[in-house]
Each structure stands twice: as C-alpha cells, then as structure tokens.
Amino acid sequence: MLEFVSNNISTINFILINIALGLSIYITLATGLLSLSNAGFMAIGAYTVAIISTQSNIPFIVGLMAAIALGVALALPIGMLVLGLRDIYLAIATLGFGEIVRIIALNGDKVVHLFSQNKELIIFNGAEGITLTYRTPTIMLGLPDTTWPILIYVIVIVYILATLHNSRFGRILASIRQDETAASTLGVNVVHYKLLAFVLGSAIAAGAGALSAPIVRVIDPHNYVFSRGVDILAYAVLGGMTHWVGPILGATVLTSLPEALRFLKDQRDIVNGLIIMLSIIYLPAGLADPRIWGLFKRLVSFPKRERVS
Amino acid sequence: MSELPQQLINGLWQGAALALFAMGYTLVFGVLDIINLAQGATFMWGAFFAFICVTKLNWPIWYAIPVAMVGAGFLAVLLDRLAFKPLRSLTSGGLVLWGGFILLLVGMVGRWAFPVKTGITIAGAAVMLAGFVIDYRSIRPLRIREVPHLAPIISSIGATFILVSLAINEFGAQVSRFPANLFPVKPYHITADAVISPIQTLVLILSLALMLVLSLLINRTQMGRAIRAIAWSERTSRLLGINVDYVIAQTFFISGALAGAAGVLLGLAFNRLEPTMGGEVELAGLTVIIVGGMGSIGGAAMAAFLVGMIRVLSVAYIDSSFRDAFVFALLILVLLIRPSGIFGRSKAVRA
C-alpha cells in the first residue's frame with residue numbers, strides 16, 4: 001500500500017487537486033450556473049502563491065490564504081456583474097473572464113512597468129511563466145509534506161459541501177437549478193444564493209490553484225487555457241452534477257485513466273471528448289446517478305436467505 | 001495616422017470573413033436555441049479540406065473552395081446527429097451512428113498495419129452511414145427528451161476536442177501552409193499607401209457574395225421560410241407539415257458550409273493552417289453573435305465588421321498581445337449593458 005502510494009505520488013497529487021477543481025465547478029453547476037471561469041481562478045491562485053514565494057519569504061500557508069482571499073475578492077464583483085446573465089450568456093461571459101486572466105498573466109509585466117519605476121522588474125515573466133525552485137519533499141507519516149495540505153484541503157471542502165448538501169442552503173441551490181422562477185416565487189433570494197455559490201466555487205478553485213503551484217512548479221499562462229476549463233468541466237459532467245460524490249468520482253476516473261491506459265496517452269483529448277459527449281448524452285446524471293447505484297447494489301448484494309425456523 | 005486607410009481595409013476583409021463564420025453560428029442559434037461551440041472546429045476542418053484538395057489531390061483552388069464548403073457542411077450535419085440530436089430524441093439509429101463513430105475513431109487513431117486500419121475505418125464509416133439512414137427513416141424515437149440547457153454546450157465542447165485532436169493526428173500540431181504560388185502577390189493600390197492583395201480581394205468579394213446568397217436563401221426561398229418558421233415555433237411548424245428534422249439538417253449544412261468557407265478564406269489569406277485555429281475565431285465569433293444579437297443574421301454581419309475593425313486597430317495602435325482582451329472587453333460590456341445585442345431585435349423577428 002505504502003509502496004503504491006510513493007510510486008504514484010504525483011498521480012495522487014493531481015487526483016486530489018482535480019477533485020478540488022471538480023468540486024469547485026460542481027457547486028456552481030449544482031445551482032444551475034454554467035460558469036467556465038474556474039481555470040481563471042485557478043490561475044489567480046497559482047500566480048498568487050508563485051509571486052509571493054518568488055518575491056518574498058512569506059510561508060506557503062499565508063500564500064494559500066492570500067490566494068483564497070484574492071479569489072473571493074475578485075469573485076464578488078465579477079459575480080455581481082455577470083450572474084444576472086442566463087445560461088449561455090453566463091458561460092460566454094465567464095469564458096471571457098478566463099481569457100482576460102490569461103492575457104493579463106501573459107502581459108502582466110507590461111502592466112507592472114506602466115506603474116513601477118523599475119523597468120527591469122520581472123514578476124509574471126510572460127509566456128515562460130514563473131518557475132519555483134525545487135525542494136525535496138520530506139516524508140511525514142507516509143506522505144510527502146506537499147501532499148498533506150492538498151489532502152487536508154480536499155477533506156475540508158468535502159466536509160463543507162457534504163454538510164451544505166443536506167442543509168437548507170443545499171436545498172435552495174438545488175431548487176434554483178430545477179426552476180429558478182419557482183424558487184424565487186417561494187421567497188428564495190435567487191441572486192444572493194447564486195452569488196454565494198459562485199464565490200464559493202471561485203474560492204475553492206483559487207485554493208486548488210495555489211496548492212497545485214508547488215507541484216507543477218512551472219506556472220505559465222498556457223496551463224490555464226480554455227482546455228483546462230474543459231477538463232474541469234469533464235470531471236463534474238462524468239461524475240454527475242447533482243451530488244458532491246460525482247466530481248470526486250469523475251476527477252479520480254479521468255485523472256487515473258490516462259495513467260492506467262498509457263497507450264492512450266497521445267489520444268487523451270479524443271478520449272476526454274468522447275467521455276464528455278457520451279456521458280452527457282447517455283448518462284445525463286453522471287456516474288453518481290442514484291439509479292446506477294441502486295442497480296449496482298442489487299447486482300452486488302445477494303438476496304437475503306429466508307430464515308427457516 | 002497615414003496607415004489608417006490600410007488598417008481600415010484590413011479590418012474590412014477580416015470582418016467579412018468573420019461575418020461568414022458568425023452568420024452560421026447565429027443561424028443555428030436562431031433555429032434551435034443552442035450554441036454550437038464546435039463551429040470553430042468545423043471552420044478549421046473546412047480549411048484543411050481545401051488543404052487536402054490542393055496538396056494531396058493537386059486540384060486548383062477554385063475547386064477546393066466549394067469542396068471544402070460541402071465537406072464542412074456535411075461535417076456540421078454529422079455533428080448535429082452525434083452531439084445534438086441524441087439530446088433532443090434518442091433513436092436506435094442514433095445508437096448505431098455512435099457505434100460507427102467510435103469504430104471510425106478507433107480506426108483513424110489506431111496504430112495498426114495498413115489493411116486492419118483501413119478496414120476498421122471503412123467499417124466504421126459504413127456503420128455510421130447505416131445509422132444515419134436508420135436514424136433518418138425512424139418514425140418514432142425511443143425517447144423524446146427535454147433538453148437541459150447546459151447539455152448542448154457541454155456536448156459540443158466534447159465534439160470540439162475530438163475534431164481538433166483528429167486534425168492534430170492527421171496534419172500534426174505545427175502550422176501547415178498552402179503552396180506559395182496559388183495567387184498572384186502583386187497588390188492593388190487603392191490610395192497611394194493603402195493596398196489590398198488579390199487574395200484579400202477574393203476574401204472580401206466571396207464573403208459579401210455568400211452573405212447575399214444567404215440572405216436571399218433565408219428571405220426568398222421555401223427553405224428559408226421553413227427555417228424561419230421553425231425558429232418561430234418548432235411545434236407549430238411540425239403541425240403545419242414541415243419536415244423539421246430535414247430542415248434542421250439543412251440549417252446545420254448551411255452553417256457548416258459558411259464556417260468552412262470562412263476557414264478556407266482566412267486560411268488562404270494568412271496562409272497559416274493549424275488545428276487550433278478554430279479556438280481563436282470561435283471566441284471572436286461568440287463576441288460577434290452576442291454584439292449582433294443572438295439569432296439575428298443581419299446583426300451578426302454588422303457586428304463582425306465592428307469586431308474585425310477592433311481587432312485590427314488594437315493590433316496596429318496599441319499592442320498585438322492585448323487584441324483579444326479588447327474583444328472580450330467589448331463582449332462583457334455588451335453583455336452587461338444590453339444582453340440582447342447592439343443590433344439585436346426582439347425574438348420574434350430574428351433568423
């Protein structure tokens with residue numbers, strides 16, 4: 001077991017990060033919002049940590065907090081602006097936000113030079129991105145100390161989302177997804193809850209981006225393009241958009257699948273595309289579909305033997 | 001500012017090609033209320049269809065352009081059957097079509113020796129054809145579905161991934177170029193220092209001509225009347241005896257053909273073909289159809305010229321790396337201030 005973990009530690013890291021990202025888009029999808037800005041917020045988180053750790057000696061945990069805080073601070077005004085838009089319009093506006101983040105990261109130094117006296121200052125480093133220095137992780141309790149924060153982060157998010165799922169808040173989000181008009185006639189402040197869901201999702205994505213920075217080590221704008229957003233979407237779509245177990249299943253399957261099927265490595269995008277299309281068409285409720293689990297249970301559990309007395 | 005006339009000319013022909021792309025986009029939205037995000041991939045394949053005709057088959061470019069349009073048109077129809085139709089209604093033919101499609105993909109990307117690879121590919125294509133026919137002939141679908149509003153977007157994103165990866169498989173991720181001597185290079189002088197090259201002239205004229213054809217098609221023919229009727233109400237059209245399924249296929253064909261034409265023309269004008277070329281025009285196209293008002297064909301044409309100008313002028317006078325930022329700023333601005341688009345009208349008169 002331990003050997004398996006240490007041999008596949010990078011895959012496990014990425015599975016955990018992708019679970020966090022999948023959960024970040026799940027919370028908006030569960031509200032019926034198709035927001036494609038998660039890759040953008042992930043970039044914000046990763047760049048925050050990368051800039052803080054290259055420009056100063058502030059510890060990582062503070063950088064993580066700063067990344068999440070920045071995510072929230074940006075998500076609030078953006079959410080207020082765009083959440084009035086309906087489905088397709090919202091998807092396009094958030095797509096535009098993601099692209100603007102990428103363009104700013106690409107040209108960040110030009111903007112910095114406009115305001116700074118020091119024309120030699122390089123912070124964003126354009127298309128080459130920021131490279132973090134490599135530090136050999138120390139092993140603590142069987143896991144490297146780069147993995148622990150991600151694991152704890154994922155557990156915390158899952159705990160929060162699981163608590164929310166069965167709460168009033170979770171039911172309100174589901175009611176907005178099913179019928180916004182009906183929800184608002186029942187006295188739900190739709191705008192307020194949409195904004196909460198959007199900010200929560202963005203903060204989770206920013207945190208996941210921040211945690212991914214020490215692992216990917218090279219933070220360049222190309223990491224956070226549209227296709228990254230689609231990867232994130234695929235986790236939630238495959239897993240299912242109505243229960244928080246969905247994105248966990250989806251991210252685990254989609255991240256470990258290319259490792260398991262190494263011969264598919266070149267064709268990853270085709271397989272990804274097929275999985276997205278087939279699951280949205282033939283498996284609209286995803287892997288976490290209650291009906292599938294019911295079927296599974298029936299297949300696995302043997303019929304109880306009648307007790308003869 | 002002496003280069004301004006030159007920049008305006010560049011904005012004009014690029015806007016014209018963009019208009020072709022966006023008109024197909026908005027046509028599908030007007031009829032089906034879905035955004036076909038795979039339009040960018042159709043655009044890219046249109047360019048590569050012409051590329052195959054010119055480089056592999058040695059056809060003159062005058063044959064390659066219509067062939068590319070027809071090819072892209074059929075690709076769009078196929079996409080509808082694979083990505084959107086199953087969301088509207090599940091049919092047994094649709095299942096067969098999907099089976100054939102997966103077989104075709106396995107054949108196309110598999111690394112087998114010659115007869116096996118070709119055999120699987122052809123078998124896949126044959127199964128797809130059978131599925132297509134069964135699907136079309138089927139009278140009663142297995143299940144009619146209520147389309148969830150996010151599903152078509154997600155499904156077309158998946159289709160884009162497949163189409164782009166297939167192009168990378170076939171042509172490589174690097175830039176492909178048409179042979180150099182397809183067109184004369186001597187530019188026409190419009191004013192003393194504003195020039196337009198023959199290929200740019202072709203782009204402009206052909207785009208304007210296709211726009212005219214499209215507007216005649218939509219406004220003057222029986223087919224256009226059927227398309228407008230379905231955009232108004234699918235249910236009523238069905239009751240009036242319009243073959244809705246067939247008209248939807250026609251709509252996708254037109255939309256794909258326009259995207260293909262835009263692909264060939266822009267591919268020729270920049271002489272730069274790459275599998276990811278659809279993504280960039282996709283985002284510009286989205287801006288165009290939103291600025292123009294979703295579903296409004298005339299609005300899309302006008303907005304395309306506006307966006308084309310903004311792109312060209314921001315490259316010329318500000319900084320090339322901020323080009324898309326300006327386009328997106330326009331997009332978000334319009335979404336916030338007037339989501340129905342600058343040139344948009346009410347739902348009743350669109351498409």
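Convention: sequence-line order gives letters A, B, ...; per-chain numbering from 1.
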Within this structure, what is the CD1-CG distance for the pair A:Ile270 and B:Asn169, rounded to the nearest 0.5 Å? 5.0 Å
Can you tell me how far CD1 of A:Ile275 sits from CZ of B:Phe161, rounded to the nearest 0.5 angstrom? 12.0 Å
Restricting to non-hydrogen atoms, name the atom on A:Ile281 and the atom on B:Pro86 that form the minimum distance, rounded to 0.1 Å. CG2-CB, 3.4 Å
Drop me the distance from B:Phe101's CZ to A:Met277's CE, to the nearest 0.5 angstrom. 6.5 Å
Quick one: closest heavy-atom pair of A:Ile280 and B:Leu87, and the distance? O-CD2, 3.9 Å
Point-to-point distance, once rounded to the nearest 0.5 Å, from CD1 of B:Ile102 to CG of A:Leu274: 5.5 Å
Over all atoms of both residues, closest heavy-atom pair of B:Ile332 and A:Ala93: CD1-O, 4.0 Å
Which bit of B:Leu335 comes within less than 4.5 Å of chain A, counting heavy atoms only: side chain, backbone, both or neither? both
In this structure, CG of B:Leu331 is separated from CD of A:Glu99 (nearest 0.5 Å) by 11.0 Å
side-chain contact (heavy atoms from CB on, under 4.5 Å) partners for A:Ala234, two or more places apart: A:Leu254, A:Ile276
Taking only heavy atoms into account, what residues of residues 35-43 of chain B are found under 4.5 Å from chain A? B:Ile35
I need the residue from B:Ile153, B:Ile157, B:Ile162 with the largest number of non-hydrogen atom pairs under 4.5 Å to chain A. B:Ile162
Sort A:Ile104 into side chain, backbone, both or neither according to what part of it lies under 4.5 angstrom from a heavy atom of chain B. neither
So how far is it from B:Leu95 CG to A:Tyr282 OH, rounded to the nearest 0.5 Å? 4.0 Å
Of the backbone (N, CA, C, O) and the side chain (C-beta and beyond), which part of B:Leu286 lies under 4.5 Å from a heavy atom of chain A, both, or neither? side chain
Winner by heavy-atom pair count (cut-off under 4.5 Å) against chain B, out of A:Val237, A:Ile92, A:Leu106: A:Ile92
